[in-house]
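First up is the structure itself, then whatever we jot down about it.
Just so we're clear, the structure is a prediction, and the values are computed from it rather than from any experiment. By convention in this document, chain letters (A, B, ...) are assigned in the order of the sequence lines, proteins followed by strands, and residues within each chain are numbered from 1.
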Protein chains: 2
Amino acid sequence: MAKAPTVEDVARAAGVSRQTVSNVLNSPDIVRGPTRERVQRAIVELGYRPHAAARRLRTRRSSTIGVRLDPYAGGISGVVLDRFVHALTERASERGMRVLLYAARTPAEEIDRIGDLVDGGEIDAVVLTGTSHEDTRTTWLQERDVPFVSFGRPWRSDDDGAPAHPWADVDGAAGTRAATKHLLDQAGPRIAFLGWPEGSGTGDDRARGWSEAMSDAGHTGPRWHTEDSVGLARELVGSVLADDPVDGVVCVSDSLAIGAHLAATALGRPGLPVVGFDNTPAAEALGISSVEQLPEQVAAGVLDLLMGPTGNVVLQREAGQDAAYVLVEPRLVVRGAE
Amino acid sequence: MAKAPTVEDVARAAGVSRQTVSNVLNSPDIVRGPTRERVQRAIVELGYRPHAAARRLRTRRSSTIGVRLDPYAGGISGVVLDRFVHALTERASERGMRVLLYAARTPAEEIDRIGDLVDGGEIDAVVLTGTSHEDTRTTWLQERDVPFVSFGRPWRSDDDGAPAHPWADVDGAAGTRAATKHLLDQAGPRIAFLGWPEGSGTGDDRARGWSEAMSDAGHTGPRWHTEDSVGLARELVGSVLADDPVDGVVCVSDSLAIGAHLAATALGRPGLPVVGFDNTPAAEALGISSVEQLPEQVAAGVLDLLMGPTGNVVLQREAGQDAAYVLVEPRLVVRGAE
DNA sequence: TGACGAAGTTTGAACGATCAAATTATGCTG
DNA sequence: CAGCATAATTTGATCGTTCAAACTTCGTCA
């Protein structure tokens, strides 16, 4: 295999200078038509491909986004993140960006990793997943002026005005609201909500959608809480359902929905309408309705926030500038549970 | 934020030359003890971090591995790949390597992408997932001398001797063999196999494990086939189980196992022992036993094949050298189905 | 027609690291 | 203690690209 051609080789072949070749690549519009074509022909003929490292060294841009791959949780979810990363990779590639993974077990370790990658010039920006209250990572990133966007809201602040940093997320409340309306419409007025213990931003947000839809319709229903586990949900629903034969259950997750479904089936009510959240393969397999997040849209939103609507360079946020956000409406997938 | 320190700054601070600093970083053992310590102290004090792009440009190594993220299949699997990529990222990081994602919808597109990344010096090696018979990608990679390892066997060749290229995989036959033995032991002599249509390497391999275990034990059982779908499996098992009340079913996947379990439950045999494959969250949620792949070990194997047992540089394979492989034994996860 | 400004193109330098070769320091032997 | 081999360190060049500034070409208008 011969040595890869450089910009110099292309220049010689096209009878122009290095810089002109570089211009054809990076700002074609400032090169005169005939010259541009000549250079482009030479590029194709020689099979020239720019050397990323050299470009990065000179421009001090890596055109790469860092994403942490969360450790396998063992839970039922994961697909959402999976689809998100995939969509992010695709969309980024369309904008001339790459996605680099890194692994970390703790926030502190994650900060270390990001530091290495940023200082080493390996990444220009970071996409955080799974933000929590008072996230140490976000403050660190802000101090260091590292551009970033989170998949998930900075729950800490009250909803008043500008968020602490740019984020993209799925509108959980809208999802449960749609699910609740659907059940009210199809099943009956008494719809329960099966949620996580209070205090998680995501969980509370989804609970809100249910409670708003219920009071809008002028109905009421019980609200149950448990950890995110099929078994626990099954036990809980099994014991309360006997006394309170509700018309349907909106759940904060597919795990809980599956538990509820199994409990209902065991109690002789296999047809009890249950709606989960995340539309995981497990819910699909069991024919349980679910609210589907659209991580592809979140990914597009993340890139818009990082690079502007059309740019192909990561933007440095101005100091006083308000952080923007993107909120994606999820989609209710209706299935005839069996 | 002040300009990031370079090797030059460290050298000045430590009173040595650039090259010595470089040596401390890359081959510490050739630097005299006191000098080394002085340099290391300066590195820490200045917070020096090597600039990856400069290093890559000079060494012509990116220390990065490319991995294609498969598009979301919509099926029940995916977790295995997920865990694999995660483990690969972690292990790679321990060896000073990074993992870069790329997306592609077709093999041709994938080859294009890899070409860009390799020629651009962005990746040193590729990890392929989901190899098929007569894979166009593998031949292309071999022609171009791009180091690569596949997660999955090159099924094309007969088992004789050296494989066409290095690979790491899970021993499917061993998994179904263990599952079959377990059912023979616990449930009874008549164990069925529910598999995919013949012709897929993975599927046939798993079927082999069952049939070997059955003939070893001197027993027989029916073998059924269907596409990988919960619904189809349910129908199929529902219709054949009535006539042939087997003692248990070993399945080629969790989807099929779930279908079989649902069918058995519907026929009034909720306790029929069923074993799936992949140990997906869905199987876990339903309390179905499953053979768990150990993608973490596969990831370790992949890196060993790429970089040798301890190295931290991707090795170029010699022309005549036999391709090596790693076969990981999966683990049977027994659950009391309910 | 000549001068001027803008557009197009070229030239030299720089990004930050490592390689290869040259130089200096160290330890050992007779 | 000289002589020599080897270890330790330094120096100059280089990887391939883009930036900044200098230079050339071209069209336009006085």
Side-chain angles (χ1 to χ4, degrees), chain A residues 2-40 42-43 46-63 96 116 118-122 124 312-313, chain B residues 2-40 42-43 46-64 96 116-122 124 312-313:
Chain A
K3 201 172 116 330
T6 73
V7 82
E8 186 89 48
D9 300 320
V10 175
R12 199 175 5 253
V16 297
S17 71
R18 289 189 318 264
Q19 185 58 38
T20 298
V21 176
S22 173
N23 287 337
V24 169
L25 259 41
N26 300 305
S27 22
D29 40 316
I30 72 165
V31 179
R32 217 151 40 107
T35 317
R36 185 171 55 234
E37 280 158 32
R38 200 146 33 92
V39 172
Q40 279 164 338
I43 288 179
L46 298 183
Y48 166 77
R49 294 253 183 56
H51 192 91
R55 172 177 285 171
R56 290 181 185 194
L57 176 57
R58 191 59 179 105
T59 63
R60 319 218 48 97
R61 248 183 285 120
S62 64
S63 299
D116 282 348
V118 170
D119 289 345
E122 307 226 48
D124 297 334
N312 50 0
V313 179
Chain B
K3 203 172 116 328
T6 73
V7 81
E8 186 89 49
D9 300 320
V10 175
R12 200 176 4 252
V16 298
S17 71
R18 288 188 319 263
Q19 185 59 39
T20 300
V21 177
S22 173
N23 287 337
V24 169
L25 258 41
N26 300 303
S27 21
D29 40 318
I30 72 166
V31 179
R32 216 152 41 109
T35 317
R36 184 170 54 232
E37 280 158 32
R38 200 146 33 93
V39 171
Q40 280 163 339
I43 288 179
L46 297 183
Y48 167 79
R49 295 253 181 57
H51 193 91
R55 171 178 286 169
R56 290 180 184 193
L57 177 57
R58 190 60 180 103
T59 62
R60 319 219 49 99
R61 251 184 282 118
S62 64
S63 299
T64 302
D116 282 348
L117 294 174
V118 170
D119 289 345
E122 307 225 47
D124 297 334
N312 51 359
V313 179

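Shown here are the side-chain hydrogen bond (donor to acceptor under 3.5 Å, both in side chains) partners of Arg55(A), two or more places apart in sequence or in another chain: there are none. Remark: Arg61(B) engages Thr59(B), Asp124(B), Val313(B) in a side chain to side chain contact (heavy atoms under 4.5 Å, CB included) (not counting sequence neighbours). Legend: residues meeting side chain to side chain contact (heavy atoms under 4.5 Å, CB included) with Val31(B), ordered by chain and number and at least two apart, are Thr20(B), Asn23(B), Val24(B), Thr35(B), Arg36(B). When the side chain to side chain contact (heavy atoms under 4.5 Å, CB included) test is applied to Asn312(A), the partners found at least two apart in sequence or on another chain are Met307(A). Partners of Arg49(B) under the side-chain hydrogen bond (donor to acceptor under 3.5 Å, both in side chains) rule, at least two apart in sequence or in another chain, are Asp116(A), Asp119(A). The side chain to side chain contact (heavy atoms under 4.5 Å, CB included) check on Val21(B) picks up Val7(B), Val10(B), Ala11(B), Val16(B), Val39(B), with sequence neighbours excluded.
Between the C1' atom of dT17(D) and the CG atom of Asp119(B) lies a distance of 16 Å, rounded to the nearest Å. Residue Asp9(A) contributes atom CG, which lies 13 Å from atom C1' of dT17(D) at whole-angstrom precision. In this entry the distance linking CD1 of Ile30(A) with P of dT18(D) reads 12 Å, nearest Å. Spacing between atom CG of Leu25(B) and atom C1' of dT9(D) amounts to 16 Å, rounded to whole angstrom units. Following rounding to the nearest Å, Glu8(A) (CD) and dT14(D) (P) show an atom-to-atom distance of 13 Å. When rounded to the nearest whole Å, the span between CG of Asp29(B) and C1' of dT9(D) equals 15 Å.
Across every non-hydrogen atom of Thr6(A) and Tyr48(A), the tightest pair is C-CE1, 3.5 Å. The two residues Ala14(A) and Ala42(A) have their closest heavy-atom pair at CB-CB, 4.0 Å.
When DNA chain C is scanned in the 5' to 3' direction for atoms under 4.0 Å from non-hydrogen atoms of chain B, the outermost contacting nucleotides are dG16(C) to dA20(C).
For residues 11-23 of chain B, proximity to DNA chain C is found at Arg18(B), Gln19(B), Ser22(B), defined as any non-hydrogen atom under 4.0 angstrom from a strand atom. Proximity of residues 49-58 of chain B to DNA chain C (heavy atom under 4.0 angstrom from any strand atom) is restricted to Arg49(B), Pro50(B), His51(B), Ala54(B), Arg55(B), Leu57(B), Arg58(B).
Five base pairs at each end of the helix from dT1(C)-dA30(D) to dG30(C)-dC1(D) define two local axes, and these are offset by 50° (rounded to 10°).
Residues Thr35(B) and Tyr48(A) both approach DNA chain D. Their nearest nucleotides, taken by heavy-atom distance, put Thr35(B) toward the 5′ side.
For the pair Gln19(A) and Ser22(A), the minimum side-chain heavy-atom distance is below 4.5 Å. At least one side-chain heavy atom of Arg56(B) sits less than 4.5 Å from a side-chain heavy atom of Ser62(B).
With rounding to the nearest 0.5 angstrom, the CZ atom of Arg58(B) is 9.5 Å from the CZ atom of Arg60(B).
Applying the salt bridge (Lys or Arg N to Asp or Glu O under 4.0 Å) test to residues at least two apart or on different chains, the pairs with a partner in residues 7-30 of chain A are Asp9(A)-Arg12(A).
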Under 3.5 Å, N/O pairs linking protein and nucleotides 24-27 of chain D:
none

